[in-house]
Amino acid sequence: MSSAGGGPRLIGVGVGPGDPDLVTVKGVKALRSASVVVVPVMADGGTGRAESTVLHHVSRERIERVVFALNEREDRVRREAAWDAAGERVAELLRARGTVAFATIGDPNVYSTFTYLAQTVGELVPETVVETVPGITAMQDLAARGGAVLTEGTEPLTLVPVTAGVAVLEEALRGPGTVVAYKFGRLAGEVAEALRATGRLEGAVWGSSLGLPEESIRPASALAAELAAGGALPYLSTLIAPARRESRGGKL
């Protein structure tokens with residue numbers, strides 16, 4: 001949504017999966033033109049991926065760190081209280097500063113904290129105009145870095161957050177087209193088993209920390225060995241299981 005009016009504006013800016021070079025020109029312009037740039041941080045105060053990316057394009061004094069319950073999954077009351085407090089802080093900034101950009105990893109319309117923030121702020125400051133600037137997603141970056149083609153011809157593309165359950169992922173893997181799994185680090189063993197059970201290991205690739213010094217991109221067939229060796233995958237791991245393809249251009 002957008003408007004030419006002079007009222008408060010909340011802009012959700014997708015800053016990509018981590019590589020600062022993957023922030024779009026439009027995204028950089030939105031960050032630099034806003035009165036203040038809000039970045040989400042966890043309660044422990046550590047620098048998050050969105051903040052690290054934004055710092056390549058905006059000076060630190062223009063950044064406002066707001067605590068979100070990004071890692072709170074058990075205590076619903078605590079999580080909602082943290083969200084309410086974050087929304088109220090952003091509402092204060094909108095009233096005082098006019099234009100606020102909220103930096104979110106990936107895209108603001110794909111499993112983003114921005115969605116919930118915009119809803120809360122809309123209730124607190126109803127006159128706020130909400131806009132979004134699209135960002136490059138982890139699946140696009142992983143496809144480019146890992147050499148995996150996401151779709152060809154008439155193939156469908158299914159995106160599954162594994163937080164919805166491994167059964168949902170397995171159902172998608174039994175279907176046609178390419179399947180992308182997000183947020184599967186804590187359930188990597190079950191994901192590996194689902195790939196084996198559905199015959200989708202071949203050509204599948206997983207990655208984490210894309211574009212960062214600690215980047216890891218490996219064939220999904222290496223998942224079992226990684227876990228057996230005591231390795232742990234980051235929560236924000238991404239998996240691509242390409243469609244079964246019998247011939248080049250066969251589905252055009």
Side-chain angles (χ1 to χ4, degrees), residues 1-72 79 81-110 112-138 141 209-215 234 236:
M1 294 176 285
S2 63
S3 170
R9 293 169 61 222
L10 176 63
I11 309 170
V13 181
V15 297
D19 184 344
D21 287 343
L22 290 182
V23 183
T24 67
V25 173
K26 186 173 183 178
V28 172
K29 287 180 178 178
L31 293 171
R32 291 177 176 173
S33 64
S35 300
V36 61
V37 178
V38 170
V39 295
V41 297
M42 293 189 292
D44 61 12
T47 300
R49 192 174 301 183
E51 182 178 5
S52 297
T53 304
V54 169
L55 282 169
H56 285 267
H57 302 286
V58 175
S59 60
R60 186 175 295 276
E61 60 267 19
R62 297 189 58 243
I63 294 175
E64 175 83 14
R65 308 175 89 225
V66 175
V67 175
F68 284 76
L70 299 175
N71 59 344
E72 179 57 72
R79 181 176 68 246
W83 275 101
D84 288 343
E88 289 169 2
R89 177 56 185 148
V90 173
E92 291 174 2
L93 291 169
L94 280 165
R95 296 186 188 103
R97 307 291 292 275
T99 301
V100 174
F102 180 86
T104 177
I105 60 171
D107 182 277
N109 294 305
V110 180
S112 170
T113 53
F114 180 74
T115 303
Y116 310 108
L117 176 66
Q119 292 172 351
T120 301
V121 168
E123 296 171 358
L124 296 172
V125 190
E127 67 272 25
T128 299
V129 173
V130 178
E131 305 172 11
T132 57
V133 177
I136 291 176
T137 61
D141 196 17
S209 302
L210 301 174
L212 302 175
E214 62 271 27
E215 173 181 281
L236 291 177

So, the side chain of [X] versus the backbone of [Y]: is there a donor-acceptor pair under 3.5 Å, distance only?
X	Y	result
Ser209	Leu212	no
Arg32	His57	yes
His56	Asp19	no
Glu215	Gly211	yes
Arg60	Leu55	no

What's the spacing between [X] [atom1] and [Y] [atom2] if we round to 0.5 Å?
X	Y	atom1	atom2	result
Glu123	Glu88	CD	CD	11.0 Å
Ser112	Ile105	OG	CD1	8.0 Å
Asp107	Thr137	CG	OG1	7.5 Å
Thr47	Glu51	OG1	CD	4.5 Å

Measure across [X] and [Y] and return the closest heavy-atom pair with its distance rounded to 0.1 Å.
X	Y	answer
Leu94	Leu10	CD2-N, 4.1 Å
Pro8	Val125	CG-CG1, 4.1 Å
Pro108	Thr115	O-OG1, 3.7 Å
Ala34	Val100	CB-C, 4.4 Å
Ala103	Leu31	CB-CD2, 4.4 Å
Leu124	Arg95	O-NH2, 3.4 Å

Q) Going through the distances and angles, do Val15 and Val54 end up as a side-chain contact (heavy atoms from CB on, under 4.5 Å)? A) CA-CA 7 Å; Val15 297; Val54 169; 4.2 Å; yes
Q: Please report the C-alpha distance between Glu64 and Leu93 in whole Å, then the side-chain angles of each, then the deciding distance to 0.1 Å, and finally whether the side-chain contact (heavy atoms from CB on, under 4.5 Å) criterion is met.
A: CA-CA 9 Å; Glu64 175 83 14; Leu93 291 169; 3.6 Å; yes
**Q.** Donor-acceptor side-chain pairing of Ser35 and Thr99 below 3.5 angstrom
**A.**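 Short answer, no.
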Q. Thr132 and Asn109: side-chain donor and acceptor closer than 3.5 Å?
A.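 Asn109 and Thr132 do have a side-chain donor-acceptor pair below 3.5 Å.
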Q | Short N-O contact, Arg89 and Glu92, less than 4.0 angstrom | A | yes
Q.
Restricting to salt bridge (Lys or Arg N to Asp or Glu O under 4.0 Å), what partner residues turn up for Glu127, sequence neighbours left out?
A. none
Q) Are the aromatic ring centres of Phe102 and Phe68 under 6.0 angstrom apart? A)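 Yes: the rings meet the under 6.0 Å criterion.
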**Q.** side-chain contact (heavy atoms from CB on, under 4.5 Å) assessment of Lys26 paired with Val28
**A.** CA-CA 6 Å; Lys26 186 173 183 178; Val28 172; over 6 Å; no
Q) Going through the distances and angles, do Thr113 and Trp83 end up as a side-chain contact (heavy atoms from CB on, under 4.5 Å)? A) CA-CA 10 Å; Thr113 53; Trp83 275 101; 3.5 Å; yes
